[in-house]
Amino acid sequence: MKLEIESIDIKDIQKGSKTYADKGVLYINLKELEELILKDSRIKSVDINLIYPGQNVRVLNLMDVIQPRCKIDKIDADFPGFIGKLQIAGSGRTRSLRNVAVLVSNPCTNRKESALLDMAGPIAEMSPYGKMKNVVIAPYVAAGVEERDFENAVKNAGLKTAIYLARGAHQHPVSEVEVYDLDIPNLDRKSNLPRVACYYQLYSPQFDHLAISDPCFYGTDVRNMMPTVIHPNEVLDGGVVGWLAIKALDTYSIQNHGVIKELYRRHGKDLNFVGVVCAVANMEPDARVRSACMAAHQVKNVLGADGVVLIKITGGMPHIDLAMAGEECEKLGVKTAIFTQPLTPFGTLADTILFNVESLDLIILSSATFERTKIPWKAEKFIGGTAETRIFCPDPIVQYASDPLIDIEEYLLPGVLDCTGNARVIVKEY
Amino acid sequence: MAEEKFKAVHYLNQFFGQIGGEGKANTGFMVKEGPVGPGLALQKELGDRAEIVSTVICGDDYFAANPEQCAEEGLKLVKPYHPDLFFAGPAFAAGRYGVACGAMCKAVAGETGIPVITAMYKEAPGLDLYRKYAFICEAPNHARGMNEVLRNMARLAFRIISGEKEMRLLTREPLPKPEEYKYFSRNLLRNEYCEKSIAERSVEKLLAKLRGEPFESEVIPPKFEKVPPPPAIKDLSKCEIALVSEGGLVPKGNPGGLSRRSNLRWGAYEIAPLFRDYEVVHAGYFNDHVAARPDRLVPVDVMKDLVKEGKVGKLHPTYYGTCGCTTVSKRCGEMGDEIAAEMKKRGGISAVILTST
């Protein structure tokens, strides 16, 4: 499968009478975008804002961040299963806009833990999205629409916005073309390069809001998914999206998947990238054992890997599924590098490991996702919420969006930590 | 306008405080004005920016008899000076002195919130007990490194009191880096910015592992020693069984001086008098149920029944007890060795039942 991502560097975004890009400026017909979003009858109205780095703006109740992308050589193929017709993502040509992000806010959310992004102050410094020009959409629910149904509508509105913006730049010259060309069935079998796979833990059901899993894979949820072999391009090109909440993961990060891009970068030089096995964290012990065995088998006997990077999703329980899969891989002779996320701010690094398997001797610190940080910055303008919007904190700390100091866990700051391995972060003993 | 000088108080033991050697280890607290002994060298390192206004001195044995209580007593002598900084030691490898330094630091910090700095050798028993509560600088296991250690202590003190943010931390807290300031990490974990991404590091290290080259795991999980159990007892009716517990059951008055938390001691207690007059010393669980009926922790009643029924040969008349609340696992291993040695000395014991909370 061959995927070409044609990136356009956008320097500025502005309102316009029509949507197009010229000399690095993306002009957006906000009325047209609004009409597009309102085609979904579940949405009564939508606020659309263009925001810029340095502005005193706090975006609240963030559900996702998405990079504007669209297919160039196919029709109705964007984010297949979510928006476009169901088909396999990851081949052909895709347009991508850089330095612009779609921020998707759900001002009607009932979820306690909501992400937020500031365009100035400490959070803007920490997050890559605080340095981009952003289009924020905040839809409001129509009467009689059920909560989870509306969340899906909000997500779709975000994806549609991302597609719309990318389409709008169709005549603009391309800044860079990245080629992701991986013909797995015809990889050189005589090559001396080690064959490396990626075990990609996609989801954990432990956080399910109202006990319903978020659709994140070709338009469906993956709660009971058995390990599944996929081509890495499917992840980069819209087959996988973020959840209906930001938990150290968002669609933008997945579109720029850290480990997949790194394996691609080294492909043909230091290793042969042989594919991806997706799996989920399980609540039941039987399912966990089944998943571990099947995944290891697929890595070894279907993909023929010599080594595997095991990527972890947010949560404590997922460590166990990951470790069991890793242990099975090592038993089959596949060498592992396994991610871990220290969950407490106290103790030694060794104290935080939730598994004790001698063969798992290469453990990578994939950030302390629940680390709390204080943000001493007073927001003046609020989007997707108000000054009175409650900001979540695990203690019974009561804090609101307009407080001059908020105490927040880093997994709720989009782009600061991400489960795909992009963060330049390590955990140290202090 | 000249910057105000910081006020510091310094804690020393009887030897460094120039009272006397081991013979004076039982001396109680005293206070001397200004710096004493190594405090003079410390004052030199502090220069004009801080002044050691007083030195609190106490004998190592006096302190070791009851560290928590002595720390309170010492704290009362520190407070009137309203110090901005508190130094203790350096204690190097000393056991009692190190614990005293750590305990003093913990008490002062707990009450005043000021920076508390001491120094110990990496294997000093005080380190694991107090590293969370004080900034413990690295020290060699001999006093010849005194000046360099004092220099580090002063440097660290000024960094902490400056409130300068550590920008390599995502939280940007004013937390100096342990490697940079040569102190032992205080059991805190923090996200730190790093040149290579998580993805880059994982692939790079996996490639090294695949090539058979040396690689470094970013965490090394604890290695739990596998102790093979001895063969099972064939006939319990011929055996003498001893009871051991970490639940903190001790004779009334706690003559062995076990601590409720971070305890390092164990005791051997005759069961009969113990069960007549006892107390519970353990901060890790709700003691009242054991206090109401100690058999709930040390199952003497059931053992006596089993002996009467002929199912067990004999209940060993001595019970061995410690308090296992938030203590140093290495020391616990040592206590196990010591208890086993005592049992072997007495002879006759075939098996042990260990109860925990």
Side-chain angles (χ1 to χ4, degrees), chain A residues 122 126 194 196 257-263 265-266 270-271 306-309 311 335-340 342 344-353 355-358 360-369 371-374 410 416-418 420-430, chain B residues 127-128 131-133 135 160 165-181 183-226 326 329:
Chain A
M126 294 164 84
V196 179
H257 198 289
V259 172
I260 287 179
K261 284 180 77 167
E262 180 63 12
L263 288 171
R265 194 176 71 83
R266 303 258 212 166
D270 306 305
L271 54 88
D306 302 308
V308 61
V309 181
I311 308 172
K335 298 210 188 305
T336 61
I338 183 170
F339 282 19
T340 189
T344 54
F346 306 116
T348 63
L349 287 171
D351 291 338
T352 67
I353 301 297
F355 49 89
N356 206 296
V357 180
E358 217 175 302
L360 297 176
D361 57 0
L362 175 52
I363 303 176
I364 305 294
L365 289 162
S366 170
S367 80
T369 41
E371 178 172 89
R372 279 163 70 162
T373 187
K374 292 190 163 56
E410 288 164 11
V416 173
L417 304 172
D418 80 282
T420 74
N422 279 313
R424 292 179 189 282
V425 170
I426 194 165
V427 187
K428 290 278 188 176
E429 291 174 353
Y430 264 78
Chain B
L127 175 58
D128 277 340
R131 67 193 299 163
K132 281 197 283 250
Y133 306 104
F135 285 90
I160 299 166
K165 293 183 190 173
E166 175 48 72
M167 295 307 280
R168 279 167 293 195
L169 292 175
L170 270 66
T171 58
R172 283 129 189 251
E173 288 162 271
L175 244 191
K177 224 167 135 45
E179 295 82 356
E180 234 173 74
Y181 285 84
Y183 71 92
F184 296 102
S185 61
R186 297 185 306 145
N187 282 359
L188 299 174
L189 296 171
R190 291 293 187 269
N191 282 327
E192 191 185 89
Y193 288 113
C194 157
E195 207 189 292
K196 296 192 178 150
S197 73
I198 295 162
E200 285 164 1
R201 297 184 332 244
S202 63
V203 175
E204 182 179 4
K205 289 180 187 235
L206 180 62
L207 283 171
K209 184 172 166 179
L210 284 165
R211 291 171 184 148
E213 291 163 8
F215 63 90
E216 225 179 273
S217 178
E218 294 185 348
V219 197
I220 308 224
K223 260 205 168 55
F224 295 116
E225 200 192 320
K226 283 187 165 64
T326 61
S329 51

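A, B, ... follow the sequence lines: proteins, then strands. Residue 1 opens every chain.
Proximity to chain B is limited to the backbone of A:N422, based on heavy atoms less than 4.5 angstrom apart. The contact between B:I220 and chain A is made entirely by backbone atoms, counting heavy-atom distances below 4.5 Å. For chain B, no part of A:V357 is nearby; none of its heavy atoms comes within less than 4.5 Å. Contacts of B:Y193 with chain A are made by both backbone and side-chain atoms, with heavy-atom separations under 4.5 Å. Contacts of A:T336 with chain B are made by both backbone and side-chain atoms, with heavy-atom separations under 4.5 Å. Interface residue A:I353: only side-chain heavy atoms are found under 4.5 Å from chain B. Of the two parts of A:P194, only the side chain, counted from C-beta on, holds a non-hydrogen atom closer than 4.5 Å to a non-hydrogen atom of chain B. For a residue to count as touching a neighbouring chain, one of its non-hydrogen atoms must lie under 4.5 Å from one of that chain's; by this rule A:I260 does not touch chain B.
Looking at every heavy atom in both residues, A:R372 comes nearest to B:T171 through O-CG2, 3.4 Å. A:E429 and B:P178 make their closest contact through O-CG, 3.6 Å (heavy atoms, listed as atom of the first residue, atom of the second, distance).
Remark: the backbone N or O of A:S367 is not paired with any side-chain donor or acceptor of B:N191 at under 3.5 angstrom. Side chain of A:R265 to backbone of B:E200: no donor-acceptor contact under 3.5 angstrom is found. Counting only distance, with no hydrogens or angles, the side chain of A:R424 and the backbone of B:E195 share a donor-acceptor pair below 3.5 Å. Put simply, the side chain of A:N356 gets close to the backbone of B:P222: a donor and an acceptor are under 3.5 Å apart.
Every residue meeting the ring pair (Phe, Tyr, Trp, His ring centres under 6.0 Å) condition with B:Y183, not counting sequence neighbours, appears here in chain and number order: B:F135.
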